[in-house]
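The structure under discussion appears below in the form of structure tokens.
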Amino acid sequence: MTEQSSQRTRPALDRGQVARAALQLLDEVGLDDLTMRRLADRMGVTAASLYWHVRDKNELLAMLGEEISAEIPLPRQDLPWREALTQAAREYRRAMLAHRDGARVLVATPPIGAQRMRGAEAFLAMLRNAGFSMQDVADIGYVCNSFIVGYVLDETLSTPEPQPDAKASEPTGAALLGNLSSGQLLVRQGGMNLTVRSDASITDLYRLDSEGRPPEIQAREGTITFKQRHGRRESSTLTLNGAIPWEIEIQGGAHRVNVELPQGKLASLAISGGVSDCRLQLPAPVGPVPIRIDGGVSKLRFERPAGAALRVLLVRGSSKLTLDTMHFGAVGGDMKWESPGFADALGNYDLQVRGGNSELIITTSSDGSGRDERQEGVAPGANAQQVFGPRPEEHPTLAALAEHLASPDTDRRFEVGLQIFLDGLERRLARSREVG
């Protein structure tokens, strides 16, 4: 076939077709997998043909930004400025959410296309007509755009893409135990819907079962680094080799995390960022075992084997505290306690909780079931009456808010941020009118 006949059979293209096809492909595969070659295959042309109309991927992204911006209605100039801005912000967010990685496209491209410039000019004119100064108009436009795009960016990046019919994955072991005599588990960016167990019969360093999108996990020289994707459908069970002792550290808080090691070996446990709805079921201690929790606690059950020595330091008071056979409504200030014979025990737990506590149960379990026999009582040195201190609900912590943070109402959160922003603008406009 001659070059002339090849040109006659080549499908006719225009930039509008390319932009629309690219937007459809973006919705299907996402920004990371959007390539010029894949787009050419979608359109039934060669990559060389596509480059006649689009110089490179950067220009393609700019075209996508224009396509998304074309779906945003211009701000109403006939409405009060606050109502017009509210509608414009909602439409801006809606257009970005309507397309996969829409916010990422707008962040990655300069606002210089005709559609985006037309929208920006109408938005700035609405602010100017409201009475804001030219300097304020420029600053408000920048801050408002940063809030809306940044909010949607955070909203979409923190929510994993849904996986159809996600099932539990096959157990995987990514590292052999080898000659290791100890192990370390490091959970980064918080743990949620996570169960940590031990099994002395496995030959691998660990085994992982997960539902939804699997977490990121690496093992190197006995250290397992675990990073979870925090979505509603994601949960993981991590089984550690029970033949070696483990140091466990959870950074960024723990929500619905169960550490079930009744037959394992624990060298230390540290949680930073607070705890909510968690259970720690620990083995008999071999030597001193420090347990550190930095941040507030809401609904934590701490179980140790019967007879295991324990020392407790609670900082900033507690509410609904159970300490072995003793129960408290509220305890103000710091509280120290240790079990009989703690000083002489070769193996013991040293528990420190630095933050307000609510519904903290510290108990023993001899059968591994979590059930224990308890009697009403009063801690040594405490009055028979409740000692009232700061109530955790009056001083919310990350732990107390964990459920709202993990599964937020993103529509409501956007409206709260928008109204706070508008309240500030209204006060600023009122002050400028008084000065003027």
Side-chain angles (χ1 to χ4, degrees), residues 14-16 18-20 22-23 26-27 31 34 54-157 410-411 413-433 436:
D14 60 52
R15 288 173 63 87
V18 173
R20 290 189 293 273
L23 190 58
L26 175 73
D27 290 338
L31 183 58
L34 175 65
V54 184
R55 182 174 61 254
D56 52 26
K57 187 173 179 179
N58 289 333
E59 185 175 0
L60 181 65
L61 294 183
M63 294 166 62
L64 285 173
E66 282 288 276
E67 286 292 305
I68 294 172
S69 299
E71 299 177 5
I72 307 172
L74 296 178
R76 295 273 300 273
Q77 304 294 333
D78 59 333
L79 295 176
W81 71 267
R82 179 162 181 151
E83 183 178 348
L85 196 155
T86 299
Q87 287 189 9
R90 290 171 179 168
E91 291 292 343
Y92 196 7
R93 174 174 175 248
R94 179 201 57 75
M96 285 185 284
L97 290 176
H99 298 286
R100 185 172 175 181
D101 291 330
R104 290 180 62 192
V105 170
L106 294 186
V107 166
T109 54
I112 56 176
Q115 293 290 349
R116 295 176 75 172
M117 291 296 292
R118 186 179 299 113
E121 289 176 355
F123 185 84
L124 298 177
M126 177 262 297
L127 292 173
R128 184 59 179 157
N129 293 336
F132 289 101
S133 68
M134 293 297 288
Q135 181 63 59
D136 277 353
V137 166
D139 293 339
I140 292 168
Y142 177 85
V143 173
C144 190
N145 181 74
S146 298
F147 164 69
I148 299 169
V149 178
Y151 182 89
V152 177
L153 192 65
D154 180 75
E155 180 181 12
T156 51
L157 290 180
T410 55
D411 293 336
R413 182 174 289 180
F414 178 79
E415 291 297 326
V416 168
L418 181 60
Q419 296 308 315
I420 291 173
F421 178 69
L422 292 172
D423 289 343
L425 291 185
E426 201 156 38
R427 289 192 295 270
R428 185 176 186 86
L429 182 60
R431 287 195 300 269
S432 66
R433 286 171 174 170

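For clarity, every value in this text was computed on a predicted model and none was experimentally measured.
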Measuring from Asp78:CG to Glu83:CD, what's the distance to the nearest 0.5 Å? 9.0 Å
What residue pairs, at least two apart or across chains, pass ring pair (Phe, Tyr, Trp, His ring centres under 6.0 Å) with a residue in residues 109-154? Trp81-Phe132, Phe147-Phe414, Tyr151-Phe414
Indicate yes or no for a side-chain donor-acceptor contact from Arg116 to the backbone of Leu106 under 3.5 Å, with no hydrogens or angles considered. yes
May I ask you to decide whether Arg82 forms a salt bridge with Glu426, counting only side-chain N to carboxylate O separations under 4.0 Å? yes
Distance (rounded to the nearest 0.5 Å) between Asp101 CG and Asp27 CG: 9.5 Å
Can you tell me how far apart CG (Asp136) and OG (Ser432) are? Round to the nearest 0.5 Å. 7.0 Å
Would Thr410 and Arg93 satisfy side-chain contact (heavy atoms from CB on, under 4.5 Å), going step by step from the backbone distance to the final call? CA-CA 11 Å; Thr410 55; Arg93 174 174 175 248; 3.8 Å; yes
Which residue pairs satisfy the ring pair (Phe, Tyr, Trp, His ring centres under 6.0 Å) criterion with at least one member in residues 58-80, sequence neighbours excluded? none
If we check side-chain contact (heavy atoms from CB on, under 4.5 Å) with Met96, which of these qualifies: Ile72, Thr156, Ile148? Ile148
Do Gln87 and Arg90 get their side chains close enough for a donor-acceptor pair, meaning under 3.5 Å? no
Strictly by salt bridge (Lys or Arg N to Asp or Glu O under 4.0 Å), give each pair with a member in residues 142-151 just once, sequence neighbours left out. none
If you measure from the Lys or Arg side-chain nitrogens to the Asp or Glu carboxylate oxygens, is any gap between Arg94 and Glu71 under 4.0 Å? no
Asp139 meets the side chain to side chain donor-acceptor pair (under 3.5 Å) criterion, sequence neighbours left out, with Gln135
Closest approach of Ala84 and Leu79, non-hydrogen atoms and distance? CB-CB, 4.2 Å
Exercise answer: donor-acceptor pairs, residues 55-63 side-chain atoms, under 3.5 Å, sequence neighbours excluded:
from	atom 1	to	atom 2	distance (Å)
Arg55	NH1	Glu59	OE1	3.4
Asp56	OD1	Asn58	N	3.2
Asp56	OD1	Glu59	N	3.0
Lys57	NZ	Leu31	O	3.4
Lys57	NZ	Leu34	O	2.7
Glu59	OE1	Arg55	N	2.7
Glu59	OE2	Arg15	NH1	2.8
Glu59	OE2	Arg15	NH2	3.3

From CG (Leu124) to CD1 (Ile140), nearest 0.5 Å: 9.5 Å
Please report the shortest heavy-atom distance between Leu74 and Gly119, naming the atom on each side. CD2-CA, 3.7 Å
Please tell me if the side chains of Arg427 and Asp423 come closer than 4.5 Å, counting only heavy atoms from C-beta onward. yes
Smallest separation among heavy atoms of Ala130 and Leu429, with atom names: O-CD2, 3.7 Å
Using the rule given for side-chain contact (heavy atoms from CB on, under 4.5 Å), can you reason through Val416 versus Ile420, listing the C-alpha separation, both sets of side-chain angles and the distance that settles it, and then say yes or no? CA-CA 6 Å; Val416 168; Ile420 291 173; 3.9 Å; yes
Note: Arg413-Glu155 ion pair, threshold 4.0 Å (strictly below): no
Run the side-chain contact (heavy atoms from CB on, under 4.5 Å) check on Val105 and Leu26 step by step: do they pass? CA-CA 10 Å; Val105 170; Leu26 175 73; 4.0 Å; yes
Considering non-hydrogen atoms only, spot the tightest contact between Pro75 and Met126 and give its length. CB-CE, 4.4 Å
Closest heavy-atom pair, Ile68 versus Ala95, reported as atoms and distance to 0.1 Å, is CG2-O, 4.0 Å
Using only atom types and a distance under 3.5 Å, with no angle test, would you say the side chain of Glu67 pairs donor to acceptor with the backbone of Ala19? no
Taking only residues at least two apart or on different chains, which pairs with a member in residues 84-120 satisfy ring pair (Phe, Tyr, Trp, His ring centres under 6.0 Å)? none
Is any side-chain heavy atom of Thr86 less than 4.5 Å from a side-chain heavy atom of Leu422? yes
